[in-house]
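Notes for the one structure printed next.
To find a chain, count down the sequence lines: A is the first, B the second, and so on, and within it residues start at 1.
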There are 2 protein chains.
Amino acid sequence: MNKAPDSAAGPRWLTDEEQHVWRAYLHATTLLEDHLDRQLQRDAGMPHVYYGLLVGLAEAPRRRLRMTELAMQAKITRSRLSHAVARLEKNGWVRREDCPADKRGQFAVLTDEGVEVLRRTAPGHVAAVRQALFDRLSPEQQKALGEIMEIVAEGLQPKEAGADLPWLR
Amino acid sequence: MNKAPDSAAGPRWLTDEEQHVWRAYLHATTLLEDHLDRQLQRDAGMPHVYYGLLVGLAEAPRRRLRMTELAMQAKITRSRLSHAVARLEKNGWVRREDCPADKRGQFAVLTDEGVEVLRRTAPGHVAAVRQALFDRLSPEQQKALGEIMEIVAEGLQPKEAGADLPWLR
DNA sequence: GGCGGCTTCTTGAAACTTGAACAAGCGACG
DNA sequence: CGTCGCTTGTTCAAGTTTCAAGAAGCCGCC
């Protein structure tokens, strides 16, 4: 897929425009992430990733998901999830349950308290996202952003579709 | 600036399209960040943020910057920078120097070894960015992305321009 | 049955980040 | 001068993330 080995012809540096775009990207994404992280830490007492876990559970069938599924949904490692759920459990927002069908498995279950936290904090969070992002972009820009992000995500998909050959990595 | 208080008319949830865009955004940005973080951790032995610090220093006048300036450039807190520089110092990539003009001040200075690390790892990093982002986007999309990110960043600017009134916060 | 390879989830230690609190120096204004 | 308010950079403790290692159960195959 590469036209030529980088090392042979010198690295292909970013052009000025690319560099500009890249810096804008880094700048904006870190600012936005920090912003939302603080907003949630302040209003909900947890970081953005943890909030995402609760949302994931809230949308799942019986407000429960296997650990691995939840981890994949949130794009974090199982290890990280383990620690995170331990913390959320301490808060009373999530509970663990054994999986009857697979004795290795655990369900993470959103408790009523967890639902309540979401109910209370979701509006503020949505407002923050809206204000930081959607209120500032034209419909065309929103559409473009969606498409761009889909392309980028697709190129980085860790698994999915068996399209590539894991055993060659 | 708000049309109506959220609490009065119910929160303005995201539309389906907005939700779709937002998820794509989260998905793509976390995948990309993870990807680059691992790439750099593997090839350069440091996380992306630390790499950014070295780059910042490399571009500064005498390869040095005051701690606060560097922190602002990298959009991190002074505290975090303090830790980071301590670590980079241990690696021999950065050195601290007193500021003669202000006895409180410290310069972070990129060492020759630091320059060397950059020289050695920058090509790989650029390649990773290119492959994950620019190689997949059309010129129009690149342009659009740049504009969008600028808008978003502008809306979150923590300081700048004295346009708002700090004493009212 | 039972062995080997795989998946599931957890653990522990080290690295990194956060936020509050702090020592030290600056600078202006009386 | 002196002192009050502010900035600079660090430190500490608590919280989070990573990575490597490991206990336990599943599954297929002989």
Side-chain angles (χ1 to χ4, degrees), chain A residues 30 33-42 44-53 64-91 94-109 158-159 166-167, chain B residues 30 33-42 44-53 64-91 94-109 158-159 162 166-167 169:
Chain A
T30 65
E33 165 136 23
D34 286 6
H35 181 66
L36 293 183
D37 248 346
R38 272 196 219 103
Q39 186 264 322
L40 279 174
Q41 190 68 56
R42 176 165 50 72
M46 66 189 134
H48 195 189
V49 182
Y50 288 30
Y51 181 85
L53 296 176
R64 76 195 50 213
L65 240 31
R66 287 284 298 268
M67 294 295 276
T68 295
E69 289 179 86
L70 185 50
M72 290 200 310
Q73 213 215 34
K75 281 121 212 145
I76 64 179
T77 62
R78 288 198 296 285
S79 169
R80 185 175 175 184
L81 179 62
S82 233
H83 291 295
V85 167
R87 198 273 223 184
L88 292 172
E89 213 171 9
K90 224 173 282 179
N91 283 274
V94 166
R95 174 169 37 87
R96 284 186 224 242
E97 245 177 58
D98 290 347
C99 174
D102 183 341
K103 281 180 196 155
R104 296 168 302 181
Q106 291 274 103
F107 284 106
V109 187
K159 26 202 66 175
W167 53 84
Chain B
T30 65
E33 163 134 26
D34 286 5
H35 180 66
L36 293 182
D37 247 346
R38 275 198 215 102
Q39 185 266 322
L40 279 174
Q41 189 69 58
R42 176 166 50 72
M46 67 188 136
H48 196 190
V49 182
Y50 288 32
Y51 181 85
L53 295 176
R64 75 194 51 213
L65 241 31
R66 287 286 298 267
M67 294 296 277
T68 296
E69 288 178 88
L70 184 51
M72 290 200 311
Q73 215 219 25
K75 280 122 210 144
I76 63 179
T77 61
R78 289 197 297 287
S79 169
R80 185 176 176 183
L81 179 62
S82 235
H83 291 294
V85 167
R87 198 274 223 183
L88 292 172
E89 211 169 10
K90 225 174 281 180
N91 283 275
V94 165
R95 174 168 37 87
R96 284 187 225 241
E97 244 177 60
D98 290 348
C99 174
D102 184 341
K103 283 180 196 156
R104 296 167 302 178
Q106 291 272 102
F107 283 107
V109 186
K159 29 203 63 174
W167 51 85
R169 300 198 158 167

### Task
Rounded off to whole Å, could you give me the CG-to-C1' distance for the Leu40(A) and dG15(D) pair?
16 Å

### Query
Taking CZ from Phe107(A) and P from dT8(C), how many angstroms apart are they, rounded to a whole number?
13 Å

### Query
Within the structure, does a side-chain N or O atom of Arg96(B) lie under 4.0 Å from either OP1 or OP2 of dT10(D)?
yes

#### Entry: side-chain hydrogen bond (donor to acceptor under 3.5 Å, both in side chains) contacts in which one or both residues fall within residues 100-109 of chain B, not counting sequence neighbours
Asp102(B)-Arg104(B)

#### Entry: Results of side-chain contact (heavy atoms from CB on, under 4.5 Å) for Lys75(A) - residues two or more places apart only
His27(B), Thr30(B), Leu31(B)

## Note on the structure
Out of dT16(D), dC26(D), dT8(D), minimum distance to the side chain of Tyr50(A) belongs to dT16(D)

### Partners meeting side-chain contact (heavy atoms from CB on, under 4.5 Å) with Arg80(B) (sequence neighbours left out)
Val49(B), Ile76(B), Thr77(B)

### Query
Starting at NE2 of His48(A) and ending at C1' of dG15(D), how long is that distance when rounded to a whole Å?
18 Å

### Message
What is the separation between atom CG on Asp98(B) and atom P on dC26(C), rounded to the nearest whole Å?
### Response
12 Å

### Task
Mind checking ring-ring contact (aromatic ring centres under 6.0 Å, His included) for His48(B) and listing every partner two or more places apart, or none if nothing turns up?
His125(B)

### Query
In chain order, what residues pass the side-chain contact (heavy atoms from CB on, under 4.5 Å) check against Glu97(B), with sequence neighbours excluded?
Arg64(B), Arg95(B), Phe107(B), Val109(B)

#### Entry: Separation of Asp37(A) CG from Tyr51(A) OH (nearest 0.5 Å)
13.0 Å

### Message
Given dT8(D), dT10(C), dT10(D), identify the nucleotide with an atom nearest to the side chain of Gln106(B).
### Response
dT10(D)

#### Entry: Contact nearer the 5' end of DNA chain C, comparing Met46(B) with Arg66(A)
Arg66(A)

### Message
How many whole angstroms separate atom NZ of Lys103(A) from atom P of dT10(C)?
### Response
17 Å

#### Entry: Interatomic distance, Arg78(A) atom CZ to Glu69(A) atom CD [nearest 0.5 angstrom]
12.0 Å

Under 3.5 Å, N/O pairs linking protein and nucleotides 3-7 of chain C:
residue: dT7(C); atom: O2; partner: Arg104(A); partner atom: NH1; Å: 2.5

### Query
Phosphate oxygens OP1/OP2 of dC16(C): is one of them under 4.0 Å from a side-chain N or O of Arg87(B)?
yes

Nucleotides 18-20 of chain D: which of its N/O atoms have a protein N/O under 3.5 Å away?
residue: dT18(D); atom: OP2; partner: Arg80(A); partner atom: NH1; Å: 3.3
residue: dT18(D); atom: O4; partner: His83(A); partner atom: NE2; Å: 3.1
residue: dC19(D); atom: N4; partner: Ser79(A); partner atom: OG; Å: 2.6

### Message
Side chain of Val49(B) only, heavy atoms from C-beta on: which candidate in dT17(C), dT17(D), dG9(D) is closest?
### Response
dT17(C)

### Task
Applying side-chain contact (heavy atoms from CB on, under 4.5 Å), name anything that partners Ala108(A), two or more places apart in sequence or on another chain.
Leu57(A), Met67(A), Leu70(A), Val94(A)

### Query
Among all residues two or more places apart in sequence or in another chain, which pass the salt bridge (Lys or Arg N to Asp or Glu O under 4.0 Å) test with Arg96(A)?
Glu89(A)

### Query
How many Å lie between CE on Met67(B) and C1' on dA24(C), as a whole number?
16 Å

## Note on the structure
Atom CD of Glu89(A) and atom P of dC9(C) are separated, to the nearest Å, by 14 Å

### Message
Measure CG/Leu65(B) against P/dG9(D) and give the value in whole Å, please.
### Response
10 Å

